[in-house]
Amino acid sequence: MASKSNPHNNSALQVHSLSVFYGDKPALWEIDFELKQGKKIGILGPNGSGKSTLMKTIMGLIKPASGYVKILGEPLSNVRSKIAYVPQKESVDWDFPITVKEVVQMGRYKPNKLFGRLSKLDKELATKALEQLKISDLADRHIAQLSGGQQQRVFLARAICQEADIYFMDEPFTGVDAATEETIIGIIDELAAEGKTIIMVHHDLNSAQEYFDHIVMLNTRLICCGSTAEVYNQENIKSAFGSQLTILSEIGNKINELNYPVREAGESDS
Ligand code: ADP
Ligand code: MG
């Protein structure tokens, strides 16, 4: 628990009464929660529930109608250099004429001196990040010439070499192959072991329980925020994901209860 003298001690992210509108339609409504540092946190909710809007608002890309956000107990402008952001893949312009290495090295530019020169250390960190993501062989390739999994690795490499304290990632597993998902998970575990905070939008309910220490569930409103053990339950999932999913998961529970084989052993996938 946080100490009495400073209730936000060790705070990674505070979201206070945050509401965001597109036109007159609310995408987020009175969202309030706080997350501590050093955890792997999943932000879950169905399509259109406001997950990307929340990330963009936290990153200062969207102005809220009301409420505010603090990162590491500070306004965003004070802590930009401590934050890395991996946007949702479809929001990136893949035709931009730039190589993999250049994208990754962008992680080393400081917000206030965008056109400064890279030091030897900067270049070494970028090279190391390429190695960690297993894309050294793609360094000189144009980013448009990559598979979905490779593209995601490039953006993660850029985030890694920023040496941030908090990593925000919007659905890094969308459109990637299983090997990339495994690589990304390995890197996230390493970052968490170093005491970094990972805040990730994720839509796969099944893997969420395994991947995250803490979970925030959203559906325009906040459904829940807490340790995975506390909040990952039928009731919250139902509130966030709605009735259609409930039917599916009830069937899932029945099958588990009866220990009924979903598929006969040896039956093929094809
Ligand atoms: P998620 O990431 O959970 O799928 P989003 O935050 O992208 O959800 O979107 C939340 C809601 O806001 C959706 O209904 C979406 O259609 C709407 N929305 C998102 N971006 C815009 C935009 N630029 N203009 C208008 N509506 C938007
Ligand atoms: Mg989204």
Side-chain angles (χ1 to χ4, degrees), residues 12-33 35 40-69 71 76 83-94 96 148-149 151-156 158-159 166-177 180-181 184-185 188 197-209 211-212 214-226 228 231-232 235-246 248-249:
L13 175 69
Q14 299 161 38
V15 175
H16 291 283
S17 310
L18 193 73
S19 295
V20 176
F21 287 74
Y22 294 110
D24 56 6
K25 190 171 168 278
L28 295 173
W29 183 253
E30 292 287 317
I31 302 282
D32 263 293
F33 65 89
L35 300 169
K40 293 180 284 182
I41 300 136
I43 297 182
L44 307 188
N47 252 339
S49 57
K51 306 181 295 298
S52 294
T53 300
L54 176 62
M55 283 247 163
K56 288 178 196 165
T57 310
I58 293 167
M59 298 311 301
L61 302 171
I62 295 177
K63 201 174 166 325
S66 68
Y68 64 96
V69 169
I71 304 173
L76 171 72
I83 296 165
Y85 171 49
V86 182
Q88 199 164 354
K89 211 150 60 66
E90 60 244 39
S91 69
V92 175
D93 177 8
W94 295 103
F96 200 71
Q151 289 170 341
Q152 200 56 267
R153 286 175 193 239
V154 172
F155 280 87
L156 211 63
R158 180 182 66 170
I166 306 186
Y167 292 81
F168 290 95
M169 306 179 186
D170 196 345
E171 305 224 24
F173 303 126
T174 299
V176 310
D177 51 293
T180 300
E181 177 153 349
I184 295 174
I185 278 296
I188 285 164
T197 307
I198 294 97
I199 301 178
M200 182 195 294
V201 170
H202 188 68
H203 76 254
D204 178 23
L205 273 172
N206 293 318
S207 53
Q209 200 175 10
Y211 288 171
F212 304 118
H214 277 244
I215 285 178
V216 177
M217 281 189 214
L218 270 189
N219 197 340
T220 309
R221 295 166 189 270
L222 182 75
I223 305 297
C224 59
C225 172
T228 304
V231 304
Y232 187 90
E235 198 186 331
N236 284 330
I237 291 170
K238 183 171 153 187
S239 305
F241 287 82
S243 55
Q244 198 183 0
L245 189 106
T246 312
L248 291 174
S249 59

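Just follow the structure's listing: the first ligand is 1, and inside any ligand the first atom is 1.
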- Could I get the full list of ring-ring contact (aromatic ring centres under 6.0 Å, His included) partners for Tyr211, not counting sequence neighbours? Phe173, His202

- Kindly write out the residues that satisfy side-chain contact (heavy atoms from CB on, under 4.5 Å) with Gln209, not counting sequence neighbours, or none if the list is empty. Thr228, Tyr232

- Item | For Leu35 against Val216, the heavy-atom pair lying closest together | CD2-CG2, 4.0 Å

- From CG (Asn236) to CD1 (Ile223), nearest 0.5 Å: 7.5 Å

- Task: Drop me the distance from Ile184's CD1 to Gln152's CD, to the nearest 0.5 angstrom.
- Result: 5.5 Å

- Task: Would you list the protein N, O or S atoms within less than 2.8 Å of the Mg ion (ligand 2), leaving out water?
- Result: Ser52 OG, Gln88 OE1

- Message: Tell me which residues fall inside the under-4.0 Å heavy-atom shell around ligand 1.
- Response: Tyr22, Lys25, Ala27, Pro46, Asn47, Gly48, Ser49, Gly50, Lys51, Ser52, Thr53

- Donor-acceptor contact below 3.5 Å, side chain Asn219 vs main chain Ser49: no

- Item | Sidechain-backbone polar pair: Lys51 side chain, Gly45 backbone, donor-acceptor under 3.5 Å | yes

- Task: Taking all non-hydrogen atoms of both residues into account, name the closest pair between Pro46 and Leu218 and its distance.
- Result: CD-O, 3.8 Å

- Message: Surrounding CD of Glu30 (heavy atoms of other residues, nucleotides or ligands, distance under 6.0 Å), is the total greater than 12?
- Response: yes

